[in-house]
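Remarks on the structure that follows.
Order of the sequence lines fixes the chain letters, A, B, ..., with proteins taken first and strands second; residue numbering starts at 1 for each chain.
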Protein chains: 2
Amino acid sequence: MKYSKQREQILETLKNNCIHPTAEQVYSLMKSQMPNISLATVYRNLNQLAENGVILKIDSLDGTARFDYCREQHYHFICTKCNKVYDVPHNVAPELLKNVQEQTGLTVDSCEISFRGICPDCQQNIKH
Amino acid sequence: MKYSKQREQILETLKNNCIHPTAEQVYSLMKSQMPNISLATVYRNLNQLAENGVILKIDSLDGTARFDYCREQHYHFICTKCNKVYDVPHNVAPELLKNVQEQTGLTVDSCEISFRGICPDCQQNIKH
DNA sequence: TATAATCTGATAATGATTACTATTATTGTT
DNA sequence: AACAATAATAGTAATCATTATCAGATTATA
């Protein structure tokens, strides 16, 4: 992987915006500092960074991927009303990979958990 | 939800094919028995059935959803080589929802775990 | 059986993502 | 510093899964 200004800026943007943005959102967020960047470049680099384990790619139910810089392993809670993504700490599922290995014999490289429900904000809104 | 022949046949097809098929695959599998069914109908009904909890919708990493009839709660292992989906028993993650609730306060309605790795078949193929 | 509600097939439209291509930037080497 | 080799970019066209639309058919209900 060769250095590029664009990739650096994309990563920087991700670091500064812990909102689990979509590719399109990253693109918008960068526009002011790098007006000529192409959407395709954003996609290309986000995927590249995810493949190399630098960032995390999260599949939403609405068919738009989201990206996350956070390095410590953790899981996600996706609000079924507003599609916002919240972090869930890793230790809610201790022994998980060990159990899978023991019970199925499958060798797991990675693991993603998506919890779904209505987030506190949306629950408030429903009440009012 | 009103009865329809098409929906019944879609569900039947899913019951008889525990291969976690995509919508397109369900469509092909049905073609012989119901040659005039429309792909849109397959999509419409699969989503409807999933929304009503009759079947399960699984998000793959390659951007094509897969569907599963199995009623007992369980998780999935997706092979990163061939994209085949395997079942993983529910009890690999005991206390999961309780832990989330306790540690985050979030109310979880559902939860999906996707394990990723290379399946035994593909590991064999790599060796040869 | 008449009415309303829901469903269907066919196809157009959408929207996220990827492929393509000519050009430009980065890197290692004389 | 100049050179070639490699990889990256911008812009846009193409792809592909999925959804929307809509006229006509089916199903449920009164």
For this session: Report yes if at least one side-chain N or O of A/Ser4 is closer than 4.0 Å to OP1 or OP2 of D/dT9; otherwise report no.
Result: yes

Problem set entry | N/O (side chain, B/Asn36) to phosphate O (OP1/OP2, C/dA10) under 4.0 Å | no

For this session: To the nearest Å, give me how far apart CG (A/Leu39) and P (D/dA14) are.
Result: 18 Å

For this session: Check step by step if side chain to side chain contact (heavy atoms under 4.5 Å, CB included) holds for A/Lys84 and A/Asp121.
Result: CA-CA 10 Å; A/Lys84 229 182 295 164; A/Asp121 285 1; 3.3 Å; yes

For this session: Could you say whether B/Phe67 or B/Lys5 is positioned toward the 5' end of DNA chain D, judged by the nucleotide with the nearest heavy atom to each?
Result: B/Phe67

For this session: To the nearest Å, give me how far apart OH (A/Tyr27) and C1' (C/dT17) are.
Result: 14 Å

For this session: Return no unless some side-chain N or O of A/Gln48 is found under 4.0 Å from OP1 or OP2 of D/dA7.
Result: no

For this session: Considering just the side-chain nitrogens and oxygens of A/Gln6, establish if one lies under 4.0 Å of OP1 or OP2 belonging to C/dA25.
Result: no

Exercise. Side-chain N or O of A/Tyr43 less than 4.0 angstrom from OP1 or OP2 on C/dT17?
Worked result: yes

Seminar exercise, completed: Taken to the nearest whole Å, CE/A/Met1 to C1'/C/dT26 is 14 Å

Exercise. DNA chain D: A/Asn45 or A/Ala40, which has the more 5' nearest nucleotide?
Worked result: A/Asn45

Exercise. If you take atom types as modelled and just measure distance, does the side chain of B/Lys2 reach the base of C/dA5 with a donor-acceptor pair under 3.5 Å?
Worked result: yes

Exercise. Contact class for B/Ala65 vs. all strands (heavy atom < 4.0 Å): base, sugar-phosphate, or nothing?
Worked result: sugar-phosphate

Exercise. Does A/Arg44 have a side-chain nitrogen or oxygen under 4.0 Å from the phosphate oxygens OP1 or OP2 of D/dA8?
Worked result: no

Seminar exercise, completed: Given the options B/Leu39, B/Leu14, B/Asn17, B/Val26 meets side-chain contact (heavy atoms from CB on, under 4.5 Å) only with B/Leu14

Problem set entry | Whether A/Gln101 side chain and A/Val108 backbone form a donor-acceptor pair below 3.5 Å | no

Exercise. C/dG9 phosphate, OP1 or OP2: any side-chain N/O from B/Thr41 under 4.0 angstrom?
Worked result: yes

Problem set entry | Gap between atoms CD and C1', on A/Glu24 and C/dT18 respectively (whole Å) | 14 Å

Problem set entry | Atom pair distance, as rounded to whole Å: CE in B/Met34 and C1' in D/dT26 | 13 Å

Exercise. Rounding to a whole Å, what distance do you find between A/Ile37:CD1 and D/dT12:P?
Worked result: 15 Å

Exercise. With hydrophobic residues grouped by side-chain heavy-atom distances under 4.5 Å, do A/Val42 and A/Ile55 end up in a single group?
Worked result: yes

For this session: State, to 0.1 Å, how close A/Lys57 and A/Glu112 come at their nearest heavy-atom pair, and which atoms those are.
Result: O-OE1, 3.7 Å

Exercise. Which word best sums up how the rings of A/His90 and A/Tyr75 line up, parallel for under 30°, tilted for 30 to 60°, or perpendicular for over 60°?
Worked result: tilted

Exercise. Between the main-chain N or O of A/Asn45 and the side-chain N or O of A/Arg7, is there a donor-acceptor pair closer than 3.5 Å?
Worked result: no

Exercise. How many angstroms lie between CD in A/Gln123 and CD1 in A/Ile118, if you round to the nearest 0.5 Å?
Worked result: 6.0 Å

Problem set entry | d(CZ, B/Arg7; P, D/dA28) in whole Å | 10 Å

For this session: Could you state the atom-to-atom distance from CD1 of B/Ile58 to P of D/dT18 in whole Å?
Result: 13 Å

For this session: Report yes if at least one side-chain N or O of A/Asn47 is closer than 4.0 Å to OP1 or OP2 of C/dT17; otherwise report no.
Result: no

Exercise. Base, sugar-phosphate, or nothing: which does A/Tyr3 touch, judged by heavy atoms less than 4.0 Å apart?
Worked result: sugar-phosphate

Problem set entry | Axial bend angle, the helix from C/dT1-D/dA30 to C/dT30-D/dA1: five-pair end segments, nearest 10° | 40°

